[in-house]
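What you are looking at is a predicted structure, and each value in this text was computed from that prediction instead of being measured.
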There are 4 protein chains.
Amino acid sequence: MEKSARKEREFKTRRADILEQAEKIFAVKGFYSATMAEIANASGFSIGSLYQYFESKDNLYSKMISEKLDLMHEQVREKVKVASGIAEKMEMIVAAHFQFVENNEDFCRLFLRGENAAPSEVMTSLRQKIMDGYSQHLTFVENELKEGIKRGILRPFPSRDMAAVLLGLIRSAAVDWMLFPKKASLLSRKDFILSVFLRGVQQNET
Amino acid sequence: MEKSARKEREFKTRRADILEQAEKIFAVKGFYSATMAEIANASGFSIGSLYQYFESKDNLYSKMISEKLDLMHEQVREKVKVASGIAEKMEMIVAAHFQFVENNEDFCRLFLRGENAAPSEVMTSLRQKIMDGYSQHLTFVENELKEGIKRGILRPFPSRDMAAVLLGLIRSAAVDWMLFPKKASLLSRKDFILSVFLRGVQQNET
Amino acid sequence: MEKSARKEREFKTRRADILEQAEKIFAVKGFYSATMAEIANASGFSIGSLYQYFESKDNLYSKMISEKLDLMHEQVREKVKVASGIAEKMEMIVAAHFQFVENNEDFCRLFLRGENAAPSEVMTSLRQKIMDGYSQHLTFVENELKEGIKRGILRPFPSRDMAAVLLGLIRSAAVDWMLFPKKASLLSRKDFILSVFLRGVQQNET
Amino acid sequence: MEKSARKEREFKTRRADILEQAEKIFAVKGFYSATMAEIANASGFSIGSLYQYFESKDNLYSKMISEKLDLMHEQVREKVKVASGIAEKMEMIVAAHFQFVENNEDFCRLFLRGENAAPSEVMTSLRQKIMDGYSQHLTFVENELKEGIKRGILRPFPSRDMAAVLLGLIRSAAVDWMLFPKKASLLSRKDFILSVFLRGVQQNET
DNA sequence: AATGAATGAGTATTCATTCAT
DNA sequence: TATGAATGAATACTCATTCAT
């Protein structure tokens, strides 16, 4: 039926609209201080309608977080995929992350604030989902680095630890950029981070 | 007066007791889900008494966070102070942080969760305090690194960025350790982090 | 729209129901001892619903007082308006007040108790509103008396003072009636009050 | 024992001090918003000490009100006692009340506010006490007026009603004076009130 | 399907009173 | 006797969720 297809499409669009507004509000107020009424209002729906798209406030928040996080991982992977060569792939890992942060600053600020909180079932499962997603992402990065080790470009450190270090460096640059606002774009710090990661900060002994 | 001195001492002890219990409860439940009644109960005081030591729930949380953070910064600085030589100082920066995280895991988990949230006055001032403390700490680390640059031990990168990188590496190792529990102590990762920071991950070109 | 009109009507009815029950409870217990739960219960609404009709307990109390007071003033004025001649108008002023007191004893007892209290914003504004209402009412009575002075029926006392005296006499009769319950209606004291007001208590010298 | 006599004296002095401060605070904040801590502080005693002089907050308030009211009644009676002749006695009734109000404005404002509230035992008994005191006072005034009726100076109205009217006029003048602050003293309105009471507001027919 | 009024459980905070010191 | 820290009952208000229309 054509009808159901259009309905389906509309459903998704509206769902996305809600998610978009919710993200903004959660970013400003945090999970607890944001209210369903507020989100309903901002997205132009009634409170009741919100519950047609999401089971609960927890669920709305969870979906918002996890879907966006998935998007980030996906974006990173896609950009890395089209890159050729270890060096370019590593550059893309950093660049893609930075681009996502710049394009989704509100969302990322939510993580400065944290608040992946609450002891509820749903929230616990969110935390698990976040960790799983992170774990997979780590594995993805790890595999790229392994290639570098194999080719003798990278030192034979444990690849998982190296991946954690790379993501840690990316994260710390992003946090620093959000915490202490600067004129320069986050992306402009890409080379610095890459350089530190690749060559270390130690003066060449010669 | 002896009397007032003892009272003073008792006051501080009890205040610390409350803070200690509150930390545990906040760590498990988060700021919003933890209740004053729970904290009162856990610390063996009545609800009313809590308010003799702290103005409000916000205030209790703020004090708990900021005092512990101050303690961390202080502990790091003291350990670095007694170290001699750039290398040893940098080692101490990493070691002292790791030790603190191991000794205060509950507290640190609070930061995984984040939740330095709430749009209230008190919480806003807490966030400012956290940022100020971090900023000062960054400056402290930066000054140590500057010495290293001056002596030609470290590459002439912007010292502040290098400091941010070092703290970022420390943080990412700590987060990784808390997120994916391992048998090995966090401290055992010190040399790896230091090595990465100092020599980088790039294979020596030969 | 028919719908919104009915909604509107229902809203007003329910609001009035709450006000009516609240009046009784406040009359018995006073502002502070009355609880929102009690009022909710008595009016057959949930606690939450009370807050859909009134912003706060203070607000509920304020509206109840000021709307009823407005009603009293209005009723007095309407009855006076249809009266013809100074004598009849003055009679109506007394009669209308007494009728209101008899019909709204609970409400009036609230004023024996006073309790237009509380240092809150809302309550301060209530007190101002009460005074303003009283002031206007005084002016209304004053204008009627001025007519009597102009026609040489009343002694040329300051009209405002005379108005205050008349309302004072009305009030004292009402208070006496409420304080020391008697079989006779308050209205039956109308002629006495009027007589005292007009001719005083002094024996005619002859 | 001398000692106990001094103790007794001290006790009364301190009790009076508390009552004095309490009156001020109650006048400003009302019964419910005033706190025992505040009263303790203002009167220079500890909270615990307050309870050595008064059983409870209700009791403190009750005693403050009833003792001051007794004082008012007493002062009026004494001044009336030394007056000679009906006219002078009636003048004194008005003058003595007005003087008390001027000398105890804070206290009297408490009655504008009312708040002889609370459904507690103690408060109920206070209300009874106030009514009894008022009733006795009314009887006292009534007896003076009876004398006037007997001597043919006053119209043969029911004496109790006349007394209520006189006290009502006094009250309304006092309330008006407190509600709408004026430069003139309250006492300066004595003759007006007396004149209205005696001769009414009606123009003499001549 | 959409609405938004109604619900009521849940919680921070206050403050009269007590009692150990 | 005096103190004031400790107590905990009491209560206004919020907001996620439901469901009648």
Legend entry - Carboxylate-amine/guanidinium contact B/Arg15 B/Glu67, below 4.0 Å: yes
Legend entry - salt_bridge(D/Glu23, D/Arg109) N-O dist < 4.0 Å: no
Whole-Å distance separating the [atom1] atom of [X] from the [atom2] atom of [N]:
X: B/Phe11; N: F/dT3; atom1: CZ; atom2: P; answer: 21 Å
X: B/Leu50; N: E/dC15; atom1: CG; atom2: C1'; answer: 16 Å
X: B/Asn59; N: E/dT13; atom1: CG; atom2: P; answer: 10 Å
X: B/Glu38; N: F/dG8; atom1: CD; atom2: C1'; answer: 17 Å
X: C/Asn41; N: F/dT11; atom1: CG; atom2: C1'; answer: 15 Å
X: A/Asp17; N: E/dA2; atom1: CG; atom2: P; answer: 13 Å
X: B/Asp58; N: E/dT11; atom1: CG; atom2: C1'; answer: 13 Å
X: B/Tyr32; N: F/dA16; atom1: OH; atom2: P; answer: 12 Å

Minimum-distance nucleotide (side-chain atoms of [X] versus [options]):
X: A/Tyr51; options: E/dA16, F/dA12, F/dT18; answer: F/dT18
X: D/Met36; options: E/dT21, F/dT3, E/dA16; answer: E/dA16
X: A/Arg14; options: F/dA16, E/dA2, E/dT21; answer: E/dA2
X: A/Ser46; options: E/dT7, F/dT7, E/dT3; answer: E/dT3
X: C/Ile47; options: E/dC15, E/dT17, F/dT14; answer: F/dT14

Inset, instruction - Return yes if some donor-acceptor pair links the side-chain N/O of D/Lys57 with the main-chain N/O of D/Phe31 below 3.5 Å, else return no. - result: yes
Inset, instruction - Return yes if some donor-acceptor pair links the side-chain N/O of D/Ser49 with the main-chain N/O of D/Phe45 below 3.5 Å, else return no. - result: no
Is [X] near enough to [N] that one of its side-chain N or O atoms lies under 4.0 angstrom from OP1 or OP2?
X: B/Tyr53; N: F/dA6; answer: yes
X: A/Gln52; N: E/dA1; answer: no
X: D/Ser49; N: F/dT3; answer: yes

Inset, instruction - Please determine, by modelled atom types, if D/Gln21 and D/Asp17 share a side-chain donor-acceptor pair under 3.5 angstrom. - result: no
Legend entry - For DNA chain E, the dot-bracket pattern of Watson-Crick and G-U pairs whose distances stay under 3.5 Å, | for other-strand partners: .||||||||||||||||||||
Inset, instruction - Kindly compute the distance separating CG (D/Leu60) from CG (D/Leu19), expressed to the nearest 0.5 Å. - result: 6.5 Å
Inset, instruction - For residues D/Lys63 and D/Leu126, determine if any side-chain heavy atom of one lies less than 4.5 Å from a side-chain heavy atom of the other. - result: no
